[in-house]
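In this text the structure is predicted, and so the values were computed from the model without any measurement. In listed order, ligands and their atoms are each counted from 1.
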Amino acid sequence: MAALVFAEIAGGRLGPSVRNALAAAARCAEQVDVVLVGNAIDDAVAEAALLPRCRTVFAFDGAFVAEGSVEDIEPSLLSLVRDYTHLVAASSTLTRALFPRLAAILGVAMASDVIEVTAPHEFVRPLYAGNALASVELTDPLKVLTVRVTAFDPVSGRGNAQVVRHPAIEPARRRSTVRVEPAAATTRPDLSAARVVVAAGRGLKSASDFPLVERLADLLGGAVAASRPLVDLGYIGAEHQVGQTGKIVAPELYIAAGVSGQIQHIAGMKDSKVIVAINSDPDAPIFQYASYGLVGNMYEQIPALCDAIERLASSS
Ligand SMILES: Cc1cc2nc3c(=O)[nH]c(=O)nc-3n(C[C@H](O)[C@H](O)[C@H](O)COP(=O)(O)OP(=O)(O)OC[C@H]3O[C@@H](n4cnc5c(N)ncnc54)[C@H](O)[C@@H]3O)c2cc1C
């Protein structure tokens, strides 16, 4: 058995979640290869060649490949998959679009958002926003799966994979174009990888109040997140949304301020190690999930918390 891991490229660099996908792939097959498709990807290929557990890196490079375009990536991937028993990637906005499409073209079933590999053909995945777990058996010769990053510890260490380069294969026709808008520059950690996340919910009354949560995030070296209504209201970009239709995170500390705790939000953060809820309603559902709860007005509690952290920092 051999697994092919699709590695995403972001801003010319290898996305860190490939290491989690590699961990899942190594549970499916003895041999694991990695494939990258992009434009001017030398830096990402050099990073991929050092990945542990990886035998060969296939690099498809083409000037036409727009980052995030499933149509541009698809033909190169399809040219490789027939040699494999598994096609694996980390769940992401891109692979949510790309992998079902590949499975449909190949006429095979897929399992998305896998959280456990129980056997090379058997996988566990959440249903109903994480309220039920399904054990899924894939019986096709090629098993297509995306894996939840937070469920697999990243492989660590350094390898020395062989690199095989190909020109990227251009799609016969294109139905879509991708417009990439660079995210605002920030010194905060990436939400998916942050050890601390401070999330605001609709308890935050206006976009101009975000400095309230940003101050706490910065004091803790954390990322800023939001519930979906704040994204829908345009208070903050969609890349900050946590939940069923946003990002799934599992930081060491997740602070949810003014978040009620609806199941669609919980689905994105319930695996966090420590959850702190700040909410003015003592009956808010979020408290059922919280390790620590603070009942009160976030506009008073967060500044008090920040002041206390600053006092602690200056006295130590
Ligand atoms: C298909 C589908 C997918 C969805 N996907 C997502 C998703 O990915 N992520 C997501 O977040 N939601 C998602 N939702 C929306 C979800 O159902 C909830 O509507 C949303 O999570 C509620 O956000 P909230 O907790 O910020 O707002 P609310 O539910 O309005 O809660 C606001 C909370 O703030 C508290 N509060 C108010 N003022 C203060 C104050 N001054 N200080 C402290 N607390 C205060 C209130 O007591 C309340 O508990 C989805 C919904 C659907 C149908």
Side-chain angles (χ1 to χ4, degrees), residues 17 90-97 100 112-113 115 125-132 134 146 148-151 183 190-194 196-217 220 222-251 253-272 275-308:
S17 58
S91 293
S92 70
T93 309
L94 174 66
T95 58
R96 257 180 227 166
S112 57
D113 242 350
I115 58 166
R125 61 177 300 261
L127 297 177
Y128 304 113
N131 282 325
T146 59
R148 188 171 282 188
V149 170
T150 52
D190 178 62
L191 177 54
S192 305
V196 176
V197 172
V198 182
R202 209 151 46 184
L204 197 81
K205 302 296 179 246
S206 111
S208 59
D209 292 343
F210 257 103
L212 186 76
V213 282
E214 285 167 353
R215 181 181 167 209
L216 183 56
L220 298 172
V224 170
S227 65
R228 179 162 156 174
L230 298 198
V231 173
D232 290 346
L233 285 163
Y235 287 6
I236 190 166
E239 69 275 15
H240 294 277
Q241 184 184 320
V242 165
Q244 186 186 341
T245 42
K247 287 188 174 151
I248 312 270
V249 298
L253 172 63
Y254 189 90
I255 303 179
V259 175
S260 60
Q262 298 304 309
I263 192 65
Q264 293 88 355
H265 187 85
I266 298 298
M269 45 62 83
K270 69 176 180 348
D271 292 329
S272 306
I275 297 172
V276 175
I278 304 172
N279 199 299
S280 50
D281 174 5
D283 296 323
I286 188 79
F287 288 123
Q288 293 166 21
Y289 305 90
S291 329
Y292 301 94
L294 196 53
V295 177
N297 182 346
M298 63 190 279
Y299 285 83
E300 292 161 9
Q301 299 301 333
I302 293 181
L305 205 52
C306 291
D307 291 347

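Considering only non-hydrogen protein atoms, atom 18 (C) of ligand 1 sits nearest to Q262 CG, 3.6 Å. Of the protein's non-hydrogen atoms, S280 OG, 3.2 Å is the one closest to atom 45 (C) of ligand 1. H265 CB, 3.8 Å is the protein heavy atom nearest to atom 21 (O) of ligand 1.
For the pair T245 and ligand 1, the shortest N or O to N or O distance falls below 3.5 Å.
Here is the list of ligand 1 atoms found below 4.0 Å of a heavy atom in G246: 8 (O). Within the listing of ligand 1, atoms 6 (C), 7 (C), 8 (O), 9 (N) sit less than 4.0 angstrom from a heavy atom of Q241. With ligand atoms numbered from 1 in the order given, ligand 1 contributes 26 (O) to contacts under 4.0 Å with heavy atoms of G201. The G243 neighbourhood of ligand 1 comprises atoms 7 (C), 8 (O), 9 (N), with distances under 4.0 Å to a heavy atom of that residue.
Under a 4.0 angstrom heavy-atom cut-off, Q301 registers as lying outside contact with ligand 1. The closest approach between a heavy atom of V242 and any atom of ligand 1 is below 4.0 Å. Using a 4.0 angstrom heavy-atom cutoff, G296 counts as in contact with ligand 1. At least one heavy atom of P229 sits closer than 4.0 Å to an atom of ligand 1.
The nearest non-hydrogen atom to atom 4 (C) of ligand 1, considering only R202, R228, Q244, comes from R228. Heavy-atom proximity to atom 48 (C) of ligand 1, evaluated over N279, N297, D281, I278, is greatest for N279. Comparing M269, M298, K205 by heavy-atom distance to atom 38 (N) of ligand 1, the nearest is K205. The option from G258, S227, S260 that lies nearest to atom 34 (O) of ligand 1, judged by heavy atoms, is G258.
For Q264, heavy-atom contacts with ligand 1 shorter than 4.0 Å involve the backbone as well as the side chain. Residue contacts with ligand 1 for I286 are absent, since no atom lies close enough (heavy atoms, distance under 4.0 Å).
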Q: Start with the C-alpha gap between I302 and V198, add the side-chain angles, then the distance that decides, and say whether side chain to side chain contact (heavy atoms under 4.5 Å, CB included) holds.
A: CA-CA 11 Å; I302 293 181; V198 182; 5.7 Å; no

Q) Should L212 and R215 be marked as a side chain to side chain contact (heavy atoms under 4.5 Å, CB included) after you check the CA-CA gap, both sets of side-chain angles, and the distance that decides it? A) CA-CA 6 Å; L212 186 76; R215 181 181 167 209; over 6 Å; no

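Listed for the K270 side chain is no donor-acceptor partner under 3.5 Å among the backbone atoms of G268. A distance-only check finds no donor-acceptor pair linking the side chain of S272 to the backbone of A250 [under 3.5 Å]. Looking only at distances, no side-chain donor or acceptor of S260 sits under 3.5 Å from a matching main-chain atom of A284.
The one candidate from S17, S92, S91, S192 that meets the side-chain contact (heavy atoms from CB on, under 4.5 Å) condition with V149 is S17. The side chain to side chain donor-acceptor pair (under 3.5 Å) with S112 is formed by just one residue from the set R125, R96, R148; it is R125.
Note that NZ of K205 is 10.0 Å distant from CG of L230, once rounded to the nearest 0.5 Å. Separation of atoms CD1 (I236) and CG (L204) is listed at 9.0 Å; rounding is to 0.5 Å.
A heavy-atom distance below 4.5 Å is not found between the side chains of Q264 and T245.
Defined by atom type and a distance below 3.5 Å, a donor-acceptor pair is present between the side-chain atoms of D209 and Y299.
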